[in-house]
Amino acid sequence: MAPPLKIGIAGLGTVGAGVMRMLARRNDEIAARTGRAVEVVAVSARDRSRNRDCDLSSVRWAESPVALARDPGIDVFVELIGGSDGAAREAVAAALEAGKPVVTANKALLAHHGVALAALAEEKGAGIHFEAAVAGGIPIVKTLREALLGNRMARVSGILNGTCNYILTKMREEGLSFETCLEEAQQLGYAEADPTFDVDGFDTAHKLALLATLAFGVQPDPGAIHVEGIRSITLADLDAADELGYRVKLLGVAARAGEDVELRVHPTMVPKHWPIAQVSGVTNAVAVDGDAVALTLVGPGAGGDATASAVVGDLCDLAASRDCRPFGWPAARLRPAGKPAIQRHEGGYYIRLAAVDRPGTAAAIARHMAERNISLESIMQHRRGRPHGGDRADSAGGPAPVVLITYATTEEAVRRAIDAIEADGVITSPPQVIRIEKD
């Protein structure tokens, strides 16, 4: 049997400690199946005294992540620090410069600096493995980079943030407001004290940037993605979606559009019978549409064990001498993703308006839609929402909630129609617009 693969781990939080425990528990079988044991020989963390519920008695401590990356006694550098710059970026670059493969769970680092790091990895003959960076325990990176290489991808989409999926599920099932569900998610540890990165869609955008690179060969670039979060979603929207046969999910979507790739993150209505519509709680899901295969992968998107499982899977690939280009494409062939072009998006739309309750309002709304060649599939009007949650219409004479469902049209046409409706003064608050995905 080959000598052990010696690794150094920078970052001993929930994931790092989970990797330590998993390797201790499974190393005999890993060695039997890969032909090589995986041995943690060195670590780096801010606090050496913290109890991490794993055996650190036989490892040596490096003074810093960069020192660990350069340690000649390790074969592989595992980066579990996080952050797009600072120590994480410096340490990963140092490991690659030394010709050491890197295993990382750092989506932000690769989303912002993936092209440069991939080029450095190729130059030095080292790999970057990042299964843990996207959708936690779901093996979507290997699936796109290796298993589906024979497919020409048309679309990759998914629920990539468990916090948002938990909040939307809780709102729908229990009739609670966004604010209440967010507070509960924070108490349970699903959401950070500052939830901006999750609920405003940026976490999903980082992951989508990496999926788009793997599937379509575009450079990872969060700035090329149109991003909307879930703060504006109300119980009225979830009720209307349910009545219409949909569920509301925060989706990241990368879709081929001619020679371009459309990249967007936003709340989306998806048909109830779609597998992805039935994914609830903190669970993630990724749907892949190729010209030969269409599949949906569902599983835990975060958490110590799920993410540690993905890290250990990458280490097993290295132990078995399985390696490949970081993104499956030569870094020099990755093309710019371009700027967000959401105005060209085509599809159906859900539009909720708080309409002034007076003669001529409906006619004005219909006229502005018709002037932009927007055909309406249905119109719904409800005087009351749920008895709690802040979505009830005012008493007689107040704004009347009107829901429009359009046939396929363009984002530009919808936005121009809404601007004209607002200018007419026939609605009392900003409209809600949610894109619809259909069969």
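Computed from a predicted model, the values in this text were never measured in an experiment.
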A side-chain contact here means heavy atoms from C-beta on lying under 4.5 Å apart; do L182 and P195 qualify? yes
So does V279 get a backbone contact from the side chain of T283, meaning a donor-acceptor N/O pair under 3.5 Å? no
Looking just at side-chain N and O atoms, do N106 and T104 make a donor-acceptor pair shorter than 3.5 Å? no
Do you know the tightest heavy-atom contact between V298 and A285? CG2-CB, 4.0 Å
Between K170 and E184, does a side-chain contact (heavy atoms from CB on, under 4.5 Å) hold up when you go through it step by step? CA-CA 10 Å; K170 197 79 172 176; E184 182 172 318; 2.9 Å; yes
Do V19 and V312 have side-chain heavy atoms sitting under 4.5 Å apart? yes
Output yes when D55 and R21 qualify as a salt bridge under the 4.0 Å nitrogen-oxygen rule, no when they do not. no
Assess whether side-chain contact (heavy atoms from CB on, under 4.5 Å) is satisfied between L244 and I405, documenting all intermediate values. CA-CA 9 Å; L244 292 161; I405 304 297; 3.4 Å; yes
Can any side-chain N or O of N27 pair as donor or acceptor with the backbone N or O of V38 at less than 3.5 Å? yes
Where the side chain of E39 meets the backbone of P4, is there a donor-acceptor pair that is under 3.5 Å apart? no
Salt-bridge test for E412 and R344: reply yes if a basic N is under 4.0 Å from a carboxylate O, no otherwise. no
Salt-bridge criterion met for R48 and E63 (N-O under 4.0 Å): yes
Rounded to the nearest 0.5 Å, what's the gap from CD1 on I436 to OH on Y350? Could you check? 9.5 Å
Shortest non-hydrogen pair, L120 vs A93, comes out as CD2-O, 3.8 Å
Under 6.0 Å between the ring centres of H206 and H112? yes
Using a strict 4.0 Å threshold on nitrogen-to-oxygen distance, state whether K142 and D317 make a salt bridge. yes
Minimum heavy-atom separation for S84 to H113, with atom names? O-CD2, 3.0 Å
Would you say that more than 12 heavy atoms from the other residues, nucleotides or ligands in this model lie under 6.0 Å from the NZ of K124, or not? yes
Smallest heavy-atom separation, R52 atom then L12 atom, equals NE-O, 2.9 Å
Looking just at side-chain N and O atoms, do S177 and T180 make a donor-acceptor pair shorter than 3.5 Å? yes
Can you tell whether the side chains of E131 and R145 come within less than 4.0 Å, N to carboxylate O? no
Spell out, as yes or no, whether a donor-acceptor pair under 3.5 Å connects the side chain of D203 to the backbone of F197. no
Pair E228-H226, side-chain donor/acceptor within less than 3.5 Å: yes
Can you name the nearest heavy-atom pair linking K100 to P72, along with the distance? NZ-CA, 4.1 Å
Would E262 and R155 count as a salt bridge (Lys or Arg N to Asp or Glu O under 4.0 Å) if you check the C-alpha gap in whole Å, the side-chain angles of each, and the deciding distance to 0.1 Å? CA-CA 9 Å; E262 183 181 56; R155 172 187 167 99; over 6 Å; no
Are any of the side-chain heavy atoms of I230 and D200 separated by less than 4.5 Å? no
Ion pair E411/R435, N-O distance below 4.0 Å: yes
Answer yes when D419 and R415 have at least one side-chain N-carboxylate O distance shorter than 4.0 Å, and no when they do not. no
When T296, I140, V293 are each screened for side-chain contact (heavy atoms from CB on, under 4.5 Å) with V288, the one that passes is I140
Quick one: does Q278's side chain have a donor or acceptor within less than 3.5 Å of a partner on K272's backbone? yes
Please answer whether the main-chain N or O of D305 pairs with a side-chain N or O of S309 as donor and acceptor at a distance below 3.5 Å. no
Hey, does the side chain of R256 reach the backbone of M153 with a donor-acceptor pair shorter than 3.5 angstrom? yes
Determine the minimum heavy-atom distance between P222 and A111, stating which atoms define it. CD-O, 3.3 Å
Is the closest basic N to carboxylate O distance between E259 and R335 below 4.0 Å? no
Salt bridge D239-R172, side-chain N to carboxylate O under 4.0 Å: no
Which pairs pass ring pair (Phe, Tyr, Trp, His ring centres under 6.0 Å) with one or both residues in residues 115-149, sequence neighbours excluded? F130-F327
